[in-house]
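Below: one structure, written as structure tokens.
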Amino acid sequence: MYERLKEKIMLGQPRPIMNAAYDLFHNGTIALAHAELNGMRIDVDYCVLQQKKLAKKIRKEETALDATKMGRLWEHIYGTKKNYNADKQLRNILFSKMKLKSYMETDSGLASTKAEALSYHDAIEGIKGLIRRRKYAKVNTTFEGMIREQVDGILHPFFNLNTVKTYRGSSSNINFQNIPNRDFEVMNMIRRAIYPLPGYQIAAIDYGSIEVGTGCFYHKDPMMMKYVSDKSTNMHRDMAMQLFMLDTLDKEHKGNEINPGENALYQGAKGAFVFAQFYGDYYVHCAEGLWKIKKDVMLKNGTLLEKHLKDFDVGTLKKYTTHVKEVETDFWENRFRIYNQWKESFYQEYLENGYFDMLTGFRCQGVMNQKQVCNSPMQGTAFHLLLWSFSEVDQWLRKNKMKSCMMGQIHDEMLLHLWPSERHIVLPKIKQIMTESIREKFDWINVPLSVDADLSGVDRPWNEKKGIEI
DNA sequence: GGAACTCGCCAC
DNA sequence: AAACGTGGCGAGTTCC
């Protein structure tokens with residue numbers, strides 16, 4: 001059956017590389033199906049209760065809004081049609097009637113009403129309340145979906161392999177891959193609803209910085225490979241120092257109350273510059289993003305970053321942008337010159353052939369720009385490492401008659417229902433598969449791979465996850 | 001009355 | 001020359 005299916009799909013043109021891709025998705029599909037079947041527990045009563053609380057919070061915000069100047073204008077114009085959830089009405093009120101300046105636009109060129117755009121006007125009475133109302137409404141609909149999709153208190157999200165042009169996976173009904181994590185308040189609210197199967201605990205094991213690693217498989221940039229391989233180096237720390245013109249930046253102070261600023265600078269360099277640049281962003285936008293972070297940061301020596309930058313003659317956004325431009329040039333022409341050359345040659349090759357292949361055997365065809373062409377292999381390959389590991393772990397658990405079983409996948413992270421007494425057998429085995437066995441399977445892996453793990457308590461919800469050492 | 005679209009927002 | 005890659009989904013809105 002398996003061979004016949006494979007032949008049919010290969011359309012009689014078997015090439016070894018494509019066979020590898022077929023096998024990966026064939027085995028991956030089976031393992032993901034096991035996870036879908038297992039599903040995850042959900043506390044429906046809690047969801048319903050939270051919805052009631054959220055509805056109350058939303059009503060409270062709306063009552064407060066009604067009493068503002070903006071609210072009265074809204075009422076005057078729309079009457080019974082007034083709807084605080086209608087962005088079109090909001091756009092009309094703010095940018096036409098109240099004549100506020102629009103700082104951001106939507107893709108189609110209208111004045112944006114997203115939270116970031118509204119926050120430019122958060123001094124206006126009601127704006128902050130409107131943003132809060134929207135956040136509550138969003139969380140409310142998330143509970144709505146979970147209640148709708150559960151069957152007898154179990155959610156069975158789908159994990160698809162047929163929807164993404166980079167050959168990543170996706171998830172639906174519900175989308176298990178975009179459950180809030182970064183906003184601590186919202187994370188706690190939503191993940192509090194999700195439980196392991198009775199008697200189990202949730203284990204989440206993810207690859208560390210995997211897309212940076214997969215990049216190295218393709219461009220083989222020596223500086224990037226050193227950053228990934230040598231633990232005494234740190235790319236984001238180096239970039240934070242260069243971007244903010246500092247001599248030191250100790251990552252160990254991350255989250256330290258004495259030096260809260262260090263965390264902001266490290267995270268800022270990482271998110272607003274390094275990853276943005278990798279995805280194809282450019283210095284003007286990066287400078288704007290970095291400029292927002294810097295304001296109230298206190299440096300180790302007691303000076304405000306704002307003053308520090310002024311002392312270095314980059315105290316205005318305009319001057320700072322020129323500085324970021326120089327950092328960008330250095331980033332691509334010196335620090336990651338080989339990566340930069342690869343982007344050029346890989347794209348040229350695509351233009352000549354009309355397609356490009358991934359190391360895992362997948363072929364990408366279609367009209368793409370350079371950013372898409374150069375991002376796809378990294379994104380896809382990173383997921384394929386996770387998927388291969390996911391399938392190996394699933395097979396190992398079954399073969400060895402473990403009670404632990406698969407729960408789901410979030411691109412570079414696998415989640416399991418972990419049977420507590422199996423913890424010290426299963427977790428080390430997973431680490432071994434993810435970081436060692438995989439290097440025997442794929443000989444083009446040219447940098448060490450690392451994993452991080454989170455664990456919830458036995459019969460405790462997902463929001464109580466805590467980092468652990470394996 | 002449903003399909004298709006835009007927008008906003010969540011994840012990696 | 002232009003300027004952040006990949007998804008899913010809900011609400012509102014418009015099209016047919």
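Not measured: the values here are computed from a predicted model. Naming convention: chains lettered A, B, ... in sequence-line order (proteins, then strands); numbering from 1 in each chain.
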Before we go on, tell me: are the rings of [X] and [Y] under 6.0 Å apart, centre to centre?
{"X": "A/H236", "Y": "A/F275", "answer": "yes"}
{"X": "A/F158", "Y": "A/F176", "answer": "no"}
{"X": "A/F346", "Y": "A/H219", "answer": "no"}
{"X": "A/Y282", "Y": "A/W332", "answer": "no"}

Phosphate OP1/OP2 of [N]: any [X] side-chain N/O under 4.0 Å:
{"X": "A/N83", "N": "C/dA11", "answer": "no"}
{"X": "A/T106", "N": "B/dC7", "answer": "yes"}
{"X": "A/T113", "N": "B/dG8", "answer": "yes"}
{"X": "A/R91", "N": "B/dC7", "answer": "no"}
{"X": "A/R148", "N": "C/dG10", "answer": "yes"}
{"X": "A/S170", "N": "C/dG8", "answer": "yes"}
{"X": "A/N181", "N": "B/dC12", "answer": "yes"}
{"X": "A/S172", "N": "C/dG7", "answer": "no"}
{"X": "A/T166", "N": "C/dG5", "answer": "no"}
{"X": "A/Q379", "N": "B/dC12", "answer": "no"}

| said: Tell me if the side-chain of A/K371 makes a donor-acceptor pair with the base of C/dC4, cut-off 3.5 Å, by modelled atom types. | reply: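 Donor-acceptor pair under 3.5 Å: no.
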| request: Give a yes or no on whether a donor-acceptor pair under 3.5 Å exists between the nucleobase atoms of B/dC12, that is its base, and the side chain of A/R168. | output: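 Per atom types, the contact qualifies.
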Pick base, sugar-phosphate or nothing for [X], based on heavy-atom distances below 4.0 Å to the nucleic acid.
{"X": "A/R182", "value": "base"}
{"X": "A/D206", "value": "nothing"}
{"X": "A/A382", "value": "nothing"}
{"X": "A/T163", "value": "sugar-phosphate"}
{"X": "A/N375", "value": "sugar-phosphate"}
{"X": "A/S112", "value": "sugar-phosphate"}

Of the nucleotides [options], which one has an atom closest to the side chain of [X]?
{"X": "A/K88", "options": "C/dG8, C/dT14, B/dC7", "answer": "C/dT14"}
{"X": "A/K165", "options": "B/dC9, C/dT6, C/dG8", "answer": "C/dT6"}
{"X": "A/K114", "options": "B/dC9, B/dC12, C/dG12", "answer": "B/dC9"}
{"X": "A/T141", "options": "B/dG8, C/dT13, C/dG10", "answer": "C/dG10"}
{"X": "A/N178", "options": "C/dG8, C/dC4, C/dT6", "answer": "C/dG8"}
{"X": "A/Y282", "options": "C/dA3, C/dG12, C/dG8", "answer": "C/dA3"}
{"X": "A/N175", "options": "C/dG8, C/dG5, C/dG12", "answer": "C/dG8"}

| request: Give the ring-plane orientation class for A/F25 versus A/F362, where under 30° counts as parallel, over 60° as perpendicular and anything between as tilted. | output: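 If you compare the ring of A/F25 with that of A/F362, the planes turn out tilted.
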